There are 2 protein chains.
Amino acid sequence: MADTPYAPSRIRALPSWLLGRAAARGHRLVAEALATEGMRMMHHAVLSAVAELGPVSQAELGRTVGIDPKDMVAIVNDLQGDGLVTRTPDPKDRRKNAVEISAEGQRRLRRTQRLGDAANAELTAALSDEERAQLIALLTRIVAPGE
Amino acid sequence: MADTPYAPSRIRALPSWLLGRAAARGHRLVAEALATEGMRMMHHAVLSAVAELGPVSQAELGRTVGIDPKDMVAIVNDLQGDGLVTRTPDPKDRRKNAVEISAEGQRRLRRTQRLGDAANAELTAALSDEERAQLIALLTRIVAPGE
DNA sequence: CAGTTTCATTGGATGCCCCAACGATAACCA
DNA sequence: TGGTTATCGTTGGGGCATCCAATGAAACTG
């Protein structure tokens, strides 16, 4: 301990630290890319989930994307205000809103998906295809440790 | 595109998304561990950097750890209030504060380092030693793309 | 010596996460 | 059936981390 007086920071070698830094860079790159279409990351994630799940309740959207119901209200409000999704009462369960993507939402989603992919390509530009696949596999196991 | 109607979310396979999720889990694990010593992540990081760099200005600390000067003021205030660091005016440059770790700060740092290491072990528990080293290497290249 | 830069500090804004409550509705179960 | 429990959307509030702008003091530059 005392014999390593000026060792390079232990913290910088910790997975939690590296993950935080890498995530920050990824967030910045993606956010900047999406901003050119006036979209934010969580809005894009929700829009993508809506496109994928079809008519879906806000609660299920929140579980899928990992967003607090409180924040989901604001996001769906924004998406609806921009005409990207529709929010209609579910006739089968009148508690729920059936959130569905609109035609303009699909067009917007195609553009933002391209932007997101490009940002991710830049994020992992230093990696080969094989290394990128390795990283994704390792991260997946860290994110869902029990599954 | 149209032939994958219910494909699992594209977003969940993006490095930026996985990094965000993994970083969130790492942050949660480390923060919970450090909380048992009444410390927060950034406080621990700054304390570790102070121990490593010796008497150092807040600005250099901020550059090392990647913290906004505004936040550094509050963190050093807390660390000083807990008697973990000392903040004395630098005689050579009266703009700077010379931040230095105290004896109690070193004791605290030893404990929080153990806690941080344990949390990181839990974070990467699903990985073998070799995979953990791979992950660290890949993340390092993502964090510092040009270097 | 004048202009520029750095430093510590303050102020303010934003985004994400968590907890609590509410009225309406649905599901469960005895 | 009726009474309890759970879910849904929504509103409210708070904590925490990150970021940008500005300021006065001090140092550096040419």
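Below, read A as the first sequence line, B as the second, and so on, with proteins coming before strands; counting in each chain starts at 1. All values reported here derive from a predicted model rather than from experimental measurement.
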Whole-Å gap separating [atom2] ([N]) and [atom1] ([X]):
{"X": "B/Met72", "N": "D/dC19", "atom1": "CE", "atom2": "P", "value": "13 Å"}
{"X": "B/Arg94", "N": "C/dT9", "atom1": "CZ", "atom2": "P", "value": "16 Å"}
{"X": "A/Arg25", "N": "D/dC19", "atom1": "CZ", "atom2": "P", "value": "14 Å"}

Is [X] salt-bridged to [Y], going by a charged N under 4.0 Å from an acidic O?
{"X": "A/Asp68", "Y": "A/Lys70", "answer": "no"}
{"X": "B/Glu100", "Y": "B/Arg87", "answer": "no"}
{"X": "B/Asp90", "Y": "B/Arg95", "answer": "no"}
{"X": "A/Arg10", "Y": "B/Glu52", "answer": "no"}

Can you tabulate the close N/O pairs, meaning under 3.5 Å, that link protein atoms to atoms of nucleotides 1-7 of chain C?
residue : atom : partner : partner atom : Å
C/dT6   : O2   : B/Arg95 : NH1          : 2.7
C/dC7   : OP1  : B/Arg63 : NH2          : 2.9
C/dC7   : OP2  : B/Arg63 : NH2          : 2.6

Check the hydrophobic clustering (I, L, V, M, F, W, Y; side-chain heavy atoms under 4.5 Å; chains of links allowed) and say if B/Leu29 and B/Leu135 are grouped together.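 Shared cluster, yes.
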Linking I/L/V/M/F/W/Y whenever any side-chain heavy atoms sit under 4.5 Å apart, do A/Val99 and A/Leu53 land together?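 Yes.
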Carefully, step by step, assess B/Gln106 and B/Leu84 under the rule side chain to side chain contact (heavy atoms under 4.5 Å, CB included). CA-CA 8 Å; B/Gln106 292 185 348; B/Leu84 305 179; over 6 Å; no
Taking only N/O atoms, report every protein-nucleotides 14-22 of chain C pair under 3.5 Å with atom names and distance.
residue : atom : partner : partner atom : Å
C/dG15  : OP1  : A/Arg40 : NH1          : 2.6

How would you list, by chain and number, every residue that makes a side-chain contact (heavy atoms from CB on, under 4.5 Å) with B/Arg111, sequence neighbours excluded?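 In terms of side-chain contact (heavy atoms from CB on, under 4.5 Å), with neighbours along the sequence ignored, B/Arg111 is linked to B/Glu37, B/Arg107, B/Arg108, B/Arg114.
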